[in-house]
Amino acid sequence: MFALLDGNNFYVSCERVFRPSLHGRPVIVLSNNDGCAIARSNEAKALGIRMGTPFHEVRARLPEAGVVALSANYPLYGDMSNRLMALAAGLGPRQEIYSIDECFVDMQGLGGDLRDRALRLRERITQWIGLPCSIGIGPTKTLAKLANHVAKEAERRPGSPYPAELGGVCDLGRLPAGVAVGDLLAATPVGELWGIGRQLSAQLQAEGLRTALALARADAAALRRRFGVAVERTVRELQGCACIALEDEPAARQEVSCTRAFGQPVTTLAPLVEAVSEYAARAAFKLRRQASKAAQVLVFIHTNPFRRSDRQYARSATIPLRRPSADTGTIADAALRGLRAIWRPDYRIHKAGVILLELQDASLVQGELAMEGEAAWAGADRLMLAMDGLNDRYGRGTVQLASAGLGGEARSWSMKQQWRTPQYTTRWEDLPVARA
DNA sequence: TCTGGGGTCCTAGGACCC
DNA sequence: TCTGGGGTCCTAGGACCC
């Protein structure tokens, strides 16, 4: 038996914990560069602001509707996520942290009533950290996801076809009297299912498969031939056959990247060198944090594809490293070589990124070092250790590459974040002050 | 004027080999 | 006109997730 727990409107809810005046108001949180709405409060959803809506499309009508727009504050959300996950782990013996605001919990072998257990845990989360959440329980991950969707929608939209009395927890094994699992499946559009996105949803609907129930009753083998193995798995999971296991040991990433759109277009090489240096350094840091090394560095730049009137340009270069590395200098050097090879003047560059590929465990690589110049390579590792230590202790950017520029507002390429809230829980200077 | 970032998996098709 | 068959590996692109 699986549970899926996730935070409701997670980023907005994190902001509300520290600014209670935002409760009851329409609130949206924007993506990097204040580009799109990536989280909406229920009130904002009710106004018809959809996930991913470009901010400039709705901006003009926000004041009239009383909508508060905030820039994304990832340090805050990450810290709140850690607190949420620590409490959610109490739901059962094994936990898979699936994203910043969701986790699966294996409830196999637990005694007692699972629904009651989930209701108590949800209450504790509200009380201890002030985040609203929903919990779905079912025999497969896909059904737990669906149950979670039911719990959330039932609470958010009183007029929805789902039972109103769930209280934020939907256990498919213990539904309200008179409600069957088939009723919930029949009321759920196929596009709401985990693994069915826009394209598949349109194709399945064209075949007459409009609801989760229709899909659950379909011939899994026939659908595999038409739509591939992923859809077959979804069908079997809906039928109650668990095909997707809980992964409580997170696997090391196979690639690590840092990519950003710029606050304004860039036409010269110098700011690109700064940006790519910084992205390379950040990607290398992520690499060290997961104890990996990379054998290839990919760097890309491109113009703004939404600006049809601009001449478009998109190139990438993949640079193999002489030996796998997690050294900021080595990786930045490779990225800059790639950048110089692909950069052309006369284009308005809108975005750049560094992606580290062919990752391997750092400990595997060390065996080869004795072959040549071991001392020098161990020295590079020690330098990185020292740099990460200083940046951890005194704050990000304390020690950095000279090529990344001297920072400050002089960096014309920095992203826009006009409405960023304080890092209440992760920066001493931003600690909230309580008054008696 | 203004449109995110960071991932994973699957499939089709080409290159290559015997 | 006619030109094997089968297997593996790699890559690019598409679809999905949050």
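Reminder, nothing fancy here: chain letters follow the sequence lines and each chain counts from 1.
When base pairs are accepted only as Watson-Crick or G-U wobble with both N-N or N-O distances under 3.5 Å, DNA chain C takes part in stems of 3 or more pairs at B:5-18 with C:5-18.
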List the atom pairs, with distances to 0.1 Å, where a side-chain N or O of residues 199-221 of chain A and a protein N or O form a donor-acceptor pair under 3.5 Å, not counting sequence neighbours.
residue : atom : partner : partner atom : Å
A/S201  : OG   : A/Q205  : NE2          : 3.0
A/E207  : OE2  : A/R226  : NH2          : 2.5
A/T211  : OG1  : A/L213  : N            : 3.3
A/T211  : OG1  : A/A214  : N            : 3.1
A/D219  : OD1  : A/A221  : N            : 3.1

Would you tabulate the side-chain donor-acceptor contacts of residues 336-359 of chain A under 3.5 Å, counting partners in other chains and residues two or more places apart, or write 'none'?
residue : atom : partner : partner atom : Å
A/R344  : NH1  : A/A341  : O            : 3.3
A/Y347  : OH   : A/R311  : NH2          : 3.2
A/R348  : NE   : A/D310  : OD2          : 3.0

What donor-acceptor contacts under 3.5 angstrom involve side-chain atoms of residues 184-197 of chain A, with partners at least two apart or in another chain?
residue : atom : partner : partner atom : Å
A/T188  : OG1  : A/Y162  : OH           : 2.8
A/T188  : OG1  : A/L184  : O            : 2.8
A/W194  : NE1  : A/Y98   : OH           : 3.2

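By the ring-ring contact (aromatic ring centres under 6.0 Å, His included) test, A/F10 pairs with no residue at all, sequence neighbours left out. Not counting sequence neighbours, the partners of A/Q290 by the side-chain hydrogen bond (donor to acceptor under 3.5 Å, both in side chains) test are A/S292. Residues satisfying the ring-ring contact (aromatic ring centres under 6.0 Å, His included) test with A/F300, not counting sequence neighbours, are A/H302. Annotation: ring-ring contact (aromatic ring centres under 6.0 Å, His included) contacts of A/Y11 (sequence neighbours excluded): A/Y74, A/Y77. Looking at residues two or more places apart in sequence or on another chain, you find no ring-ring contact (aromatic ring centres under 6.0 Å, His included) involving A/W128.
Here A/Q254 lies in heavy-atom contact (under 4.0 Å) with sugar-phosphate atoms only. Residue contacts shown for A/F306 include a base, since a base heavy atom lies under 4.0 Å away. In this structure, A/R307 reaches the sugar-phosphate backbone alone: every heavy-atom distance under 4.0 Å involves primed, P, OP1 or OP2 atoms, never a base. Contact annotation for A/R59: no contact, since no heavy-atom pair falls under 4.0 Å across all strands. The residue A/R233 sits close only to the backbone: its heavy atoms come under 4.0 Å of sugar-phosphate atoms, none of a base. Within 4.0 Å of A/N32, counting heavy atoms only, lie sugar-phosphate atoms of the nucleic acid but no base atom. Within the nucleic acid shown, A/N304 comes within 4.0 Å of sugar-phosphate atoms alone, with no base atom in reach, counting heavy atoms only. A/I97 comes within 4.0 angstrom of no nucleic acid atom, judged by non-hydrogen atoms across all strands.
Looking at A/T142 and A/R233, their side chains never bring a donor and an acceptor atom within 3.5 Å of each other. Side-chain contact annotation: A/S160 with A/E153, donor-acceptor N/O pair under 3.5 Å absent. Side chain to side chain, A/Q417 and A/R420 meet the donor-acceptor criterion of an N or O pair below 3.5 Å. Under the 3.5 Å distance criterion, with hydrogens and angles disregarded, no donor-acceptor pair is assigned to the side chains of A/T426 and A/D79.
Remark on DNA chain B: of its neighbouring residues A/F227 and A/F55, the 5'-side contact belongs to A/F55, judged by nearest-heavy-atom nucleotide. Comparing A/S31 and A/S257 along DNA chain B, the residue whose closest nucleotide (by nearest heavy atom) sits nearer the 5' end is A/S31.
Protein chain A contacts DNA chain C from C/dA15 to C/dC18, reading 5' to 3' and using non-hydrogen atoms of the protein with a distance under 4.0 Å.
If you check residues 259-267 of chain A against DNA chain B, the residues with a heavy atom closer than 4.0 Å are A/T259, A/R260, A/A261, listed by number. Listed by residue number, A/W194, A/G195, A/I196, A/G197, A/R198, A/Q199, A/L200 are the residues of residues 194-211 of chain A with a heavy-atom contact under 4.0 Å to DNA chain C.
Atom NZ of A/K293 is separated from atom OG of A/S363 by 9.5 Å, given to the nearest 0.5 angstrom.
The separation of B/dC16 from C/dG4, taken at their C1' atoms, amounts to 16 Å, rounded to a whole angstrom.
Shown are A/I135, A/L87, A/L5; of these, the side-chain contact (heavy atoms from CB on, under 4.5 Å) with A/R122 is made only by A/I135.
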